[in-house]
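Only a predicted model underlies this, so the values are computations on that prediction, with no experimental measurement involved. Quick note on labels: first sequence line is chain A, next is B, and so on, each numbered from 1.
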Protein chains: 2
Amino acid sequence: MKALKSHYHHGDLRATLVEAAVRLLETEGIDALSIRRLAELTGVSRAAPYHHFQDKRELLCAIAEAGFVQQEATLTALEDLQGRERIEQFVHTYVSFATQHREQYDLMYGREIWKNSGATTSLEVVAKQCFKRWLSEVTALQAQSILNNNLPAVRVAQVSWAALHGLCRLINDGIYADDADIEAMEASLVAMLVS
Amino acid sequence: MKALKSHYHHGDLRATLVEAAVRLLETEGIDALSIRRLAELTGVSRAAPYHHFQDKRELLCAIAEAGFVQQEATLTALEDLQGRERIEQFVHTYVSFATQHREQYDLMYGREIWKNSGATTSLEVVAKQCFKRWLSEVTALQAQSILNNNLPAVRVAQVSWAALHGLCRLINDGIYADDADIEAMEASLVAMLVS
DNA sequence: CCCTAATCTTGACAACGCTAAGATAATAAT
DNA sequence: ATTATTATCTTAGCGTTGTCAAGATTAGGG
């Protein structure tokens, strides 16, 4: 017979923690995301999460990883588009994801995770695969002469992604504060990439 | 007669703190930068810094501000260059500053400072002036037909700066890990901006 | 039914940001 | 010269955090 209030063997605490973390992250921001509060939210003791994550950073990596697969999903939905429309939608979708999941995006590409090669190997795999995808995207667009094809695909991929990423960061960090400008900046980015 | 070990009225504690903070930041990283350690380093009590900075964030703003004026100085040194060489050197100087002052650069353009409009007004002034400078740079390059002049200068400035910034972040965050690629990426960035 | 391994709890430690109350020193006023 | 004012620094302490060690509880295989 199961005791009602028994908190032992929660079920799948790991997944529950990640879910709660993503939610908490998006509603209250990174500063509010503490192991202790997370434990409290999921009705478990402060030390419990440490049986599923070595570190806080490992938890953050799991959040980031979830972000990557979600982002991947939104981008894969554009498969049937071609040519210029494709890159336009790609940019728009990318920026939208970043602005709608600010905190998670910051985590995915942020220092907290990547410095001192602190990323989980499983996260590294997902992230690398994400860049590979963009690389093949670029190669295709180069073949259609939509992107600069005087430069190696790797370079074009690196620089264009940097531009996309930089735009998202400046927006998310509140440096390009005016939200009404986002569309215009997206359009200009595309224009400058394809010209 | 002055007591030797008197820690009262340090002299210019505010400046001393900022200096020590910049040093500590660059040597041990942002995580090691605590008010308490800073106080210890400058031989003062833990609460002393709070008489010169309301918050930790205000201290961080001061560090960022110092970074902006230093960066401004390195960029002003390029005044006599023209045309394509100018933009090349500009990019190179910008990236070099970012990589040589990683932690400070991250602070300058990072969330920690800008979110929730948490920047000091004096920092906001310096930063805004920095963008204005880049804007006029862009206008000049547009006039020489080096940069895209089918788009408003503001947009070109926003996007190109985003590209520059994004590149720096990806490098600093260790996502574009290979340092040997930096030069090539700089060159490609310029190529894509001017093409 | 018991044993092992997985899982969770309690209790504690050090470090952190920050505050309140009081001590000390420089400065200005008398 | 003495006093009052103000700026500056200190000591003591609160609440929060990440993390660990030791022990309690439970699930599942022999």
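B/Arg37 has its CZ atom 13 Å from the C1' atom of C/dC16, to the nearest Å. Distance B/Glu58 CD to C/dG17 P: 15 Å, rounded to the nearest Å. Rounding to whole angstrom units, CG of residue B/Leu38 and P of D/dC9 are separated by 13 Å. At whole-Å resolution of the value, CG in B/Leu60 and P in C/dC16 are 14 Å apart. Counting to the nearest Å, the P atom of D/dT16 and the CD atom of A/Glu28 are 14 Å from each other. As a whole-Å value, the separation of A/Asp12 CG from D/dT26 C1' is 17 Å. Across the protein-nucleic acid pair, A/Arg46 atom CZ and C/dC13 atom P stand 14 Å apart, rounded to whole Å. Following rounding to the nearest Å, A/Glu40 (CD) and D/dG18 (C1') show an atom-to-atom distance of 16 Å.
Summarising the geometry of A/Cys168 relative to A/Ala98, their closest heavy-atom pair is SG-CB, 3.6 Å, with the distance given to 0.1 Å.
Proximity of residues 49-57 of chain A to DNA chain D (heavy atom under 4.0 angstrom from any strand atom) is restricted to A/Tyr50, A/Asp55, A/Lys56.
Contacts classified as salt bridge (charged side-chain N to carboxylate O under 4.0 Å, His left out) and involving residues 64-75 of chain B (residues at least two apart or in different chains) are given here: B/Glu72-B/Arg133. For residues 11-55 of chain B, there are no ring pair (Phe, Tyr, Trp, His ring centres under 6.0 Å) pairs, not counting sequence neighbours.
Ring geometry, A/Tyr105 versus A/Tyr109: the interplanar angle falls from 30° to 60°, so the pair is classed tilted.
In this structure, the salt bridge (Lys or Arg N to Asp or Glu O under 4.0 Å) partners of A/Asp181, at least two apart in sequence or on a different chain, are B/Arg155. When the salt bridge (Lys or Arg N to Asp or Glu O under 4.0 Å) test is applied to A/Arg46, no partner is found at least two apart in sequence or on another chain.
If you check every strand for non-hydrogen atoms under 4.0 Å, B/Ser45 touches a base.
For D/dG18, its base sits under 3.5 Å from the side chain of A/Arg36 at one donor and acceptor pair at least.
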With a 3.5 Å cut-off and sequence neighbours excluded, list the donor-acceptor pairs that the side chains of residues 34-43 of chain A form with protein atoms.
{"unit_1": "A/Ser34", "atom_1": "OG", "unit_2": "A/Arg37", "atom_2": "N", "d": "3.1"}
{"unit_1": "A/Arg37", "atom_1": "NH1", "unit_2": "A/Glu28", "atom_2": "OE1", "d": "2.9"}
{"unit_1": "A/Arg37", "atom_1": "NH2", "unit_2": "A/Glu28", "atom_2": "OE2", "d": "3.1"}
{"unit_1": "A/Thr42", "atom_1": "OG1", "unit_2": "A/Leu38", "atom_2": "O", "d": "3.2"}
{"unit_1": "A/Thr42", "atom_1": "OG1", "unit_2": "A/Ala39", "atom_2": "O", "d": "3.2"}

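Comparing A/Ala48 and B/Asp31 against DNA chain C, the residue whose closest nucleotide sits nearer the 5' end is A/Ala48.
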